**Q** 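Take this structure first; my questions come after.
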Amino acid sequence: MPDNTVQAAYTAIHTLYIDLFGSPTDLAPEDTAFAQTHLAPGPVLDLGCGPGHFTKFLTDAGITTTGIDLVPEFIAHARSTYPAIPFELGSLRAIDAPTESIHGLLAWFSLIHLDPTELPTVLAEFHRVLTPGGRLVIGFFEATEAVETFPHKVTTAYRWPTDHLAETLNQAGFTELARLHHPASGDIRPHSALAVAKS
C-alpha cells in the first residue's frame, strides 16, 4: 500500500490511536524484553514508531534509538512528549542512513500494511543500512496457512504465517535468531515477533 494512503489513514485517527496505544505502559513486557534482548546495544532505528512509545522504552533501556514515522502528527506528539529523543519524519522504504551504519532496526507492526509483493524491496533497504550482523526485530499479526488480508481498523493490512515470513527474511539475507508467539485471546488477534540478523 502506498505511503500516502497509510499516512492519510493514520492521520485521520491519530488522536484516538495515541490515546489507546501511545504509552510505553501499553506495551507487553514479553515484547519489550524480546526487543531489548535482540536490539542492544544499538544504535537502533524504530521504523514506523507511531507516537514514540517503543522508542521511549528502548531509550530508557540504554539503547540509543531514533524514531521514524510517516505521520507528522505522530512525530509532533513524540517530539513534544519525549523531547530528549530524536524523532524524524520519513519512510521505511527509503531510510535516510548510510549503508551499513545502523546496528539495529525495530519494525513493530509497521510492515503490516505492505502488500506482500512489496516486502522484499523493503527488506533489501533494511539489509542495506544494517551493519554486518546487525539485528532486525519485526512484530506482526500471524496467519495460519497463507498470507492474508484482514479487517484492520485503520486500513488494509496483512497477516503472515511465521514460517513464511521467516523464509522471506532468509531469502532477503537474514538469519533467524528467535521468535515469540502470542495466541489469540479475547479480542486480541494472534501475533508474533521475529528477531533476525543480517547474514
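When reading the values below, keep in mind they use all heavy atoms of this one structure, side chains included, and skip hydrogens, waters and symmetry mates. Position 1 is the first residue of the sequence; numbering continues from there. Note that the structure is a prediction, hence the values are computed from the model and not measured.
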**Q** Would you confirm whether Thr81, through its side chain, and Ala78, through its main-chain N or O, come within 3.5 Å as a donor-acceptor pair?
**A**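 Between the backbone of Ala78 and the side chain of Thr81 there is no qualifying donor-acceptor contact (under 3.5 Å).
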**Q** Can you tell if the side chain of Ile85 reaches within under 4.5 Å of the side chain of Thr65, non-hydrogen atoms only?
**A**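 Not in contact.
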**Q** List the atom of Glu125, the atom of Ile95, and the distance in Å for their closest heavy-atom pair.
**A**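 Result for this residue pair: OE2-N, 2.7 Å.
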**Q** If you define the side chain from C-beta out and look only at heavy atoms, does anything of Arg179 sit under 4.5 Å from Asp163?
**A** yes
**Q** When rounded to the nearest 0.5 angstrom, what is the spacing between CZ in Phe141 and CG in Leu111?
**A** 12.5 Å
**Q** In the structure I gave you, are the side-chain heavy atoms of Thr66 and Glu88 within less than 4.5 Å of one another anywhere?
**A**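 Heavy-atom side-chain distance check passes, below 4.5 Å.
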**Q** Tyr82, Leu89: one ILVMFWY side-chain cluster at the under-4.5 Å cut-off?
**A**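 Yes, one cluster joins them.
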**Q** So, for Ser199 and Thr175, which heavy atoms are closest and what is the spacing to 0.1 Å?
**A** OG-OG1, 2.8 Å
**Q** Side chains of His191 and His181: does their closest heavy-atom pair fall under 4.5 Å?
**A**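 They are not in contact (no side-chain heavy atoms under 4.5 Å apart), so the answer is no.
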**Q** Counting only heavy atoms not in Asn170, do more than 12 fall under 6.0 Å of its CG?
**A**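 Counting neighbours around CG of Asn170, more than 12 heavy atoms of other residues, nucleotides or ligands fall under 6.0 Å, so yes.
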**Q** What are the two closest heavy atoms between Ser91 and Ile68, and how far apart are they?
**A**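 Looking at all heavy atoms of both residues, the shortest contact is N-CG2, 4.4 Å.
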**Q** What I'd like to find out is whether the side chain of Phe54 reaches to under 4.5 Å of the side chain of Thr32, using heavy atoms alone.
**A**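 Yes - at least one pair of side-chain heavy atoms lies under 4.5 Å apart.
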**Q** Is it the case that more than 12 heavy atoms not belonging to Gln171 sit under 6.0 Å from its CD atom?
**A** yes
**Q** Are Trp160 and Phe140 close enough that their ring centers fall under 6.0 Å?
**A** no
**Q** Can you find a pair of side-chain heavy atoms, one from Leu136 and one from Leu106, that are under 4.5 Å apart?
**A** no
**Q** Donor-acceptor pairs under 3.5 Å, side chain of residues 34-52 to any protein atom, not counting sequence neighbours: which ones?
**A**
| residue | atom | partner | partner atom | Å |
| --- | --- | --- | --- | --- |
| Thr37 | OG1 | Ala33 | O | 2.8 |
| Asp46 | OD2 | Thr55 | N | 3.2 |
| Asp46 | OD2 | Thr55 | OG1 | 2.7 |

**Q** Take Phe174 and His127 through the test ring-ring contact (aromatic ring centres under 6.0 Å, His included) and record every step on the way to the result.
**A** CA-CA 8 Å; Phe174 295 95; His127 196 274; 5.3 Å; yes
**Q** Compare every heavy atom of Asp31 with every heavy atom of His182, then report the nearest pair and how far apart it is.
**A**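 Looks like NE2-OD1, 2.7 Å.
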**Q** Once side chain to side chain donor-acceptor pair (under 3.5 Å) is applied, do any residues pair with Arg79, and if so which ones, sequence neighbours excluded?
**A** none
**Q** Can you name the closest pair of heavy atoms from Pro98 and Arg128 and give their distance?
**A** C-NH1, 3.7 Å
**Q** The criterion is salt bridge (charged side-chain N to carboxylate O under 4.0 Å, His left out); which residues satisfy it with Glu142, sequence neighbours excluded?
**A**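 Scan of Glu142 (salt bridge (charged side-chain N to carboxylate O under 4.0 Å, His left out), adjacent residues dropped) gives none.
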**Q** Return the minimal non-hydrogen interatomic distance between Ala97 and Val129, and the atom names on each side.
**A**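 Nearest pair, atom of Ala97 first, then Val129: O-CG1, 3.9 Å.
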